[in-house]
*Asks:* 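Starting off with a structure, shown below.
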Amino acid sequence: MATDYDAPRKSEDDPSESIEALKERVPDKLSGTTGDEDSDNPSSFDLPGADLSDLELDVVVLPAQQDEFTCMNCFLVKHQSQLDHDGPDGPICKECAA
């Protein structure tokens, strides 16, 4: 069955519903409060300057692979395809050589 998307919508709501009743159903976008369904993850929100000294992070650091080098100018690990030249201090990437 085809749907006519240009046809006016028919709703079972009373078309004479007051503007005040409509405003009550729509959340106020200008207010500072948000509902639970609007927030992404309210439990993980921390204010700037919060004390995070008791927080422990587990980070796995991998050594540079055989096809990688550390640029001696920017100290980033890059792929061998980004090598521009070996300077007196060590390898230099294309971005730093430009």
Side-chain angles (χ1 to χ4, degrees):
M1 180 173 136
T3 303
D4 183 11
Y5 291 104
D6 294 328
R9 294 184 182 178
K10 296 177 186 175
S11 68
E12 297 176 12
D13 294 338
D14 183 17
S16 63
E17 188 174 8
S18 70
I19 197 88
E20 287 79 21
L22 290 173
K23 285 181 181 178
E24 289 176 8
R25 290 194 310 178
V26 176
D28 185 10
K29 301 288 183 190
L30 299 176
S31 71
T33 60
T34 59
D36 287 338
E37 66 273 357
D38 291 337
S39 60
D40 291 324
N41 194 356
S43 63
S44 69
F45 181 75
D46 291 324
L47 296 175
D51 181 24
L52 302 176
S53 61
D54 60 339
L55 185 64
E56 291 184 26
L57 299 176
D58 294 329
V59 179
V60 178
V61 179
L62 299 175
Q65 304 298 309
Q66 289 188 9
D67 61 344
E68 296 176 333
F69 70 97
T70 302
C71 176
M72 291 295 117
N73 193 22
C74 64
F75 302 105
L76 293 176
V77 176
K78 305 265 187 163
H79 188 264
Q80 286 292 337
S81 64
Q82 295 292 314
L83 179 65
D84 186 70
H85 67 277
D86 277 322
D89 296 330
I92 304 294
C93 70
K94 291 180 180 180
E95 292 178 2
C96 293

*Asks:* I need the minimum non-hydrogen distance between Asp84 and Ala97, along with the two atoms involved.
*Replies:*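 It is OD2-CB, 3.1 Å.
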*Asks:* What is the distance from atom CZ of Phe75 to atom SG of Cys93, rounded to the nearest 0.5 Å?
*Replies:* 11.0 Å
*Asks:* Considering all heavy atoms of both residues, which atom of Gln80 and which atom of Phe69 are nearest to each other, and what is their separation?
*Replies:* NE2-CB, 4.0 Å
*Asks:* Short question: side chain of Glu56, backbone of Asp54 - any donor-acceptor pair under 3.5 Å?
*Replies:*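 No.
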*Asks:* Using side chain to side chain contact (heavy atoms under 4.5 Å, CB included) as the criterion, point out the one residue from Lys94, Glu95, Glu68 that pairs with Lys78.
*Replies:* Glu95
*Asks:* Answer yes or no: are there more than 12 heavy-atom neighbours, outside Asp58 itself, under 6.0 Å from its atom CG?
*Replies:*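 At most 12 heavy atoms, drawn from other residues, nucleotides or ligands, come within 6.0 Å of this atom.
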*Asks:* What's the shortest heavy-atom distance between Pro91 and Leu83, and which atoms?
*Replies:* CB-CD1, 3.6 Å
*Asks:* Show the nearest heavy-atom pair for residues Ile92 and Gly87, with the distance to one decimal.
*Replies:*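 So the two residues come closest at CG1-N, 4.3 Å.
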*Asks:* So which atom in Cys96 and which in Asn73 form the shortest heavy-atom distance, rounded to 0.1 Å?
*Replies:*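 Here Cys96 and Asn73 meet closest at CB-ND2, 3.2 Å.
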